[in-house]
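Values reported hereafter were calculated over all heavy atoms of this structure, with side chains retained and with hydrogens, waters and symmetry mates removed. Model, not experiment: these values are computed from the prediction.
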Amino acid sequence: MGGFGVAVQCTPDTLSGLRLGEQARLATSLVVREDSLTLYGFADDDERQVFELLQTASGVGPRLAQAMLAVHRPDALRLAVSTGDEKALTAVPGIGKKGAQKLLLELRDRLGEPLGTGAAARAKTSGPAAWSEQLHTALIGLGYAPREADEAVAAVGPQAEEALAAGTAPPVPQLLRAALQSLNRTR
């Protein structure tokens, strides 16, 4: 069949989560320049948002912002900025001591506080319904009708509740597999 290809610039961490031949969802940001259109891809919306916020600092373009995300996860960057950790920023190629000091000043009020480091902290900050919304969106993206997606989310609800009761975030990839299996059984 026909189609088209798009080059998407991604961090090594994002690329490691992709598999050849499998569908993937990337949060993207299009950077428009006079002579080019460049598409940057991210594992999730939080990475994309941090990428765009980093570029609001003077001297930070898309390549440096992507390099920062290649070295540090979004929460690690938030922690470094909120604690004034110059050393963490100088670990990024292209950022020296003066550049790190300048970035710390400019980004302090923009990035905010870390969202959490462990799965339990992520579950608390994202709320218990975050997994169901992610799962529902993924199923609709795979072409299932909203009614089918609702039924599949309900079918894996007990598994998610077990994870929440144990104090961990529900494993969305495993829940998606289970939801797809339940949908395939009903077809």
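- Counting only heavy atoms from C-beta outward, the side chains of L111 and P74 never approach each other to under 4.5 Å.
- In terms of heavy-atom proximity, V156 sits nearest to A178 at CG1-CB, 3.6 Å.
- Residues L107 and L77 are not in side-chain contact: their nearest non-hydrogen atoms beyond the backbone lie 4.5 Å or more apart.
- To the nearest 0.5 Å, the span separating NZ on K98 from NZ on K102 amounts to 11.5 Å.
- Residue pairs meeting the ring pair (Phe, Tyr, Trp, His ring centres under 6.0 Å) criterion with at least one partner in residues 60-106, sequence neighbours excluded, do not occur; the list is empty.
- Between L104 and V81 the shortest side-chain heavy-atom distance falls below 4.5 Å.
- Clustering ILVMFWY residues whenever any of their side-chain heavy atoms sit less than 4.5 angstrom apart, transitively, puts L26 in a cluster other than the one holding L69.
- Residues L53 and L79 fall into different hydrophobic clusters, defined by Ile, Leu, Val, Met, Phe, Trp and Tyr side chains chained together at heavy-atom separations under 4.5 Å.
- For S182 against A179, the heavy-atom pair with the smallest separation is OG-O, 2.8 Å.
- The CZ atom of F51 lies 4.0 Å from the CZ atom of F42; values are rounded to the nearest 0.5 Å.
- Between D75 and R78, at least one side-chain N (NZ, or NE/NH1/NH2) sits under 4.0 Å from a carboxylate O, which counts as a salt bridge.
- Of the listed residues (Q55, E52, Q66), just one forms a side chain to side chain donor-acceptor pair (under 3.5 Å) with S29, and that residue is E52.
- L18 and L39 fall within a single hydrophobic cluster, where Ile, Leu, Val, Met, Phe, Trp and Tyr are joined by side-chain heavy atoms under 4.5 Å apart, directly or via other members.
- One finds the CD atom of E86 at 10.5 Å from the CG atom of L103 (value rounded to the nearest 0.5 Å).
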* Stepwise side chain to side chain contact (heavy atoms under 4.5 Å, CB included) check, L183 with E148 -> CA-CA 7 Å; L183 285 167; E148 292 175 308; 3.9 Å; yes
* Passes side chain to side chain contact (heavy atoms under 4.5 Å, CB included), V92 versus L64? Steps please. -> CA-CA 8 Å; V92 176; L64 184 55; 4.3 Å; yes
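- A pairwise comparison of heavy atoms in S82 and R108 identifies O-NH1, 4.1 Å as the closest pair.
- Applying the 6.0 Å contact sphere to CZ of R110 captures more than 12 heavy atoms from other residues, nucleotides or ligands.
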* Starting from the C-alpha separation in whole Å, work towards a yes-or-no answer on side chain to side chain contact (heavy atoms under 4.5 Å, CB included) for L89 and M68. => CA-CA 8 Å; L89 293 182; M68 292 171 79; 4.0 Å; yes
Which pairs of donor and acceptor atoms, one on a side chain in residues 2-15, lie under 3.5 Å apart (sequence neighbours left out)?
from	atom 1	to	atom 2	distance (Å)
T11	OG1	T14	N	3.3
T11	OG1	T14	OG1	3.0
D13	OD2	R73	NH1	2.8
T14	OG1	E47	OE1	3.4

